[in-house]
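Some notes on the structure that comes next.
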2 protein chains.
Amino acid sequence: MNLIAKDSRITAMGMLVEAYTSLRTVLEQELHAHTGLSGPTFEVLLRLGRSPGRRLRMNDLAVEMHLSPSGLSRLVDRVAAAGLVAREACETDRRGAYAVLTAEGARRLAEALPVHERGLERHLAGALDPAELEQLTALLRRVRDHVRAEAGPIVAPLR
Amino acid sequence: MNLIAKDSRITAMGMLVEAYTSLRTVLEQELHAHTGLSGPTFEVLLRLGRSPGRRLRMNDLAVEMHLSPSGLSRLVDRVAAAGLVAREACETDRRGAYAVLTAEGARRLAEALPVHERGLERHLAGALDPAELEQLTALLRRVRDHVRAEAGPIVAPLR
DNA sequence: GTAGGGTTCTTGCGTGTGCAAACACTGATA
DNA sequence: TATCAGTGTTTGCACACGCAAGAACCCTAC
């Protein structure tokens with residue numbers, strides 16, 4: 001049995017794992033060091049901040065974040081306990097709930113955004129020139145779209 | 001505050017996250033459906049299987065898997081409970097321990113490998129032609145190396 | 001030889017997450 | 001209107017992981 005696996009697909013997968021892991025790790029470390037925010041907390045603020053009314057339905061936020069509904073519910077609990085978001089009832093569907101950015105949440109987000117941008121600039125844009133970055137984006141998009149098409153829409157959780 | 005973030009770096013990061021997440025998810029689902037093995041368990045078997053003597057020091061395995069020593073210790077507990085690996089004392093350093101593939105572990109690995117290969121073939125190689133795959137690998141490697149160089153060697157855990 | 005600082009691994013504890021069930025509500029059908 | 005299958009959210013539980021501390025051991029310096 002040959003397990004040496006010098007196969008180009010395995011190498012590509014390995015690089016995907018390593019690039020992703022190292023980039024995500026360093027970005028989260030810097031973010032936490034400069035703002036005290038965890039990765040998931042920042043992502044909640046970011047996604048709410050760029051949504052109309054600075055709010056999002058719990059379910060939509062869960063899908064965007066590749067989190068199960070229960071996982072998101074508790075993440076919002078924690079972010080809400082920190083005062084950065086609030087829950088708001090949905091007017092048209094009484095089962096529904098929104099997560100809304102608070103003023104304090106918006107402030108913390110404004111503070112964190114430049115840190116995130118700078119990290120991306122240094123660690124991602126610093127590695128590749130603009131044309132290469134476009135190339136990388138295009139290739140990754142093809143992979144994502146292909147996986148989603150082949151595998152049906154069951155591509156959410158399982159971390 | 002403009003949060004629309006059409007910025008190419010943010011897009012690139014988004015694609016990295018989505019390509020990685022969807023690929024990893026679909027591969028783990030298929031693996032589990034066909035072999036009953038979880039992703040981390042399979043990775044343990046794979047790494048041991050391609051190592052000389054089909055064994056690896058716990059610490060080395062932890063580093064390879066981007067896992068903390070304690071996380072790996074317990075992962076090996078579980079895989080050992082399933083009978084697929086065993087712990088073995090190190091002859092030259094009595095603090096040390098090896099994880100070794102058992103016969104049953106080798107059997108299950110041999111069974112799982114084609115499933116993994118086929119998944120990679122379908123979902124990764126199926127999205128890109130060979131030249132593009134090389135290109136992707138090269139770009140990702142540049143990102144990884146750049147991050148590691150910039151950030152010092154503190155790029156392990158934090159999931 | 002023995003002291004002491006560094007290492008390898010494991011264990012106690014806290015935490016973040018998924019799954020399944022519970023709950024509240026909606027919307028379509030009769 | 002009454003019913004009922006389906007949807008949106010939260011909660012109970014289990015589990016995998018990281019951190020810090022502990023235990024056993026190595027190795028160098030004296």
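Per chain, numbering begins at 1; letters A, B, ... match sequence-line order. Since the model is a prediction, treat every value here as computed from it, not as a measurement.
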- Between A/N59 and D/dT7, does any side-chain N or O lie under 4.0 Å from OP1 or OP2?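 The answer is no; no side-chain N or O of A/N59 sits under 4.0 Å from OP1 or OP2.
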- OP1, OP2 of D/dT9 versus side-chain N and O of A/R87: anything below 4.0 Å?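 Indeed not, no polar side-chain atom of A/R87 lies that close.
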Separation of atom [atom1] in [X] from atom [atom2] in [N], rounded to whole Å:
{"X": "B/D77", "N": "C/dG12", "atom1": "CG", "atom2": "P", "value": "12 Å"}
{"X": "B/E91", "N": "C/dT8", "atom1": "CD", "atom2": "C1'", "value": "15 Å"}
{"X": "B/L56", "N": "C/dC9", "atom1": "CG", "atom2": "C1'", "value": "15 Å"}
{"X": "A/R55", "N": "D/dT9", "atom1": "CZ", "atom2": "P", "value": "12 Å"}
{"X": "A/H32", "N": "C/dG16", "atom1": "NE2", "atom2": "C1'", "value": "14 Å"}
{"X": "A/E88", "N": "D/dT9", "atom1": "CD", "atom2": "P", "value": "13 Å"}
{"X": "B/D60", "N": "C/dT7", "atom1": "CG", "atom2": "P", "value": "14 Å"}
{"X": "A/L61", "N": "D/dT9", "atom1": "CG", "atom2": "C1'", "value": "13 Å"}

- Sidechain-backbone polar pair: A/T102 side chain, A/L84 backbone, donor-acceptor under 3.5 Å: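 Yes, A/T102 side chain to A/L84 backbone: donor-acceptor pair under 3.5 Å.
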- Say whether, by atom type as modelled, one donor and one acceptor occur between the side chain of A/H34 and the main chain of A/E30 under 3.5 angstrom.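 Between the backbone of A/E30 and the side chain of A/H34 there is a qualifying donor-acceptor contact (under 3.5 Å).
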- Would you mind reporting whether B/H123 and B/L23 have side-chain heavy atoms less than 4.5 Å apart?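 They are in side-chain contact.
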- Between B/Y20 and A/L140, is any pair of side-chain heavy atoms under 4.5 Å apart?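 No, too far: nothing below the 4.5 Å cut-off.
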Do the charged groups of [X] and [Y] touch, with an N to O distance under 4.0 Å?
{"X": "B/E121", "Y": "B/R118", "result": "no"}
{"X": "B/R9", "Y": "A/E134", "result": "no"}
{"X": "A/E18", "Y": "B/R141", "result": "no"}
{"X": "B/R55", "Y": "B/E91", "result": "yes"}

Tell me which nucleotide among [options] gets nearest to the side chain of [X].
{"X": "B/S68", "options": "D/dG18, D/dT10, C/dT10", "result": "D/dG18"}
{"X": "B/L67", "options": "C/dC9, D/dC17, C/dT17", "result": "D/dC17"}
{"X": "A/M58", "options": "D/dT9, D/dG18, C/dG18", "result": "D/dT9"}

- Tell me, for nucleotides 23-29 of chain D in 5' to 3' order, what letter each nucleotide earns: B for a base near a protein heavy atom under 4.0 Å, S for only sugar-phosphate near one, - for neither? -BBS---
- Residue whose nearest DNA chain D nucleotide is more 5′ - A/S73 or B/L72: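 Whichever sits nearer the 5' end wins; that is A/S73.
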Taking N or O atoms only and anything under 3.5 Å, show me the protein contacts with nucleotides 12-15 of chain D, one pair per line.
{"unit_1": "D/dG12", "atom_1": "O6", "unit_2": "A/R74", "atom_2": "NH2", "d": "2.4"}

Under 3.5 Å donor-acceptor pairs involving side-chain atoms of residues 69-82 of chain B, not counting sequence neighbours:
{"unit_1": "B/S70", "atom_1": "OG", "unit_2": "B/S68", "atom_2": "OG", "d": "3.4"}
{"unit_1": "B/D77", "atom_1": "OD1", "unit_2": "B/R87", "atom_2": "NH2", "d": "2.0"}

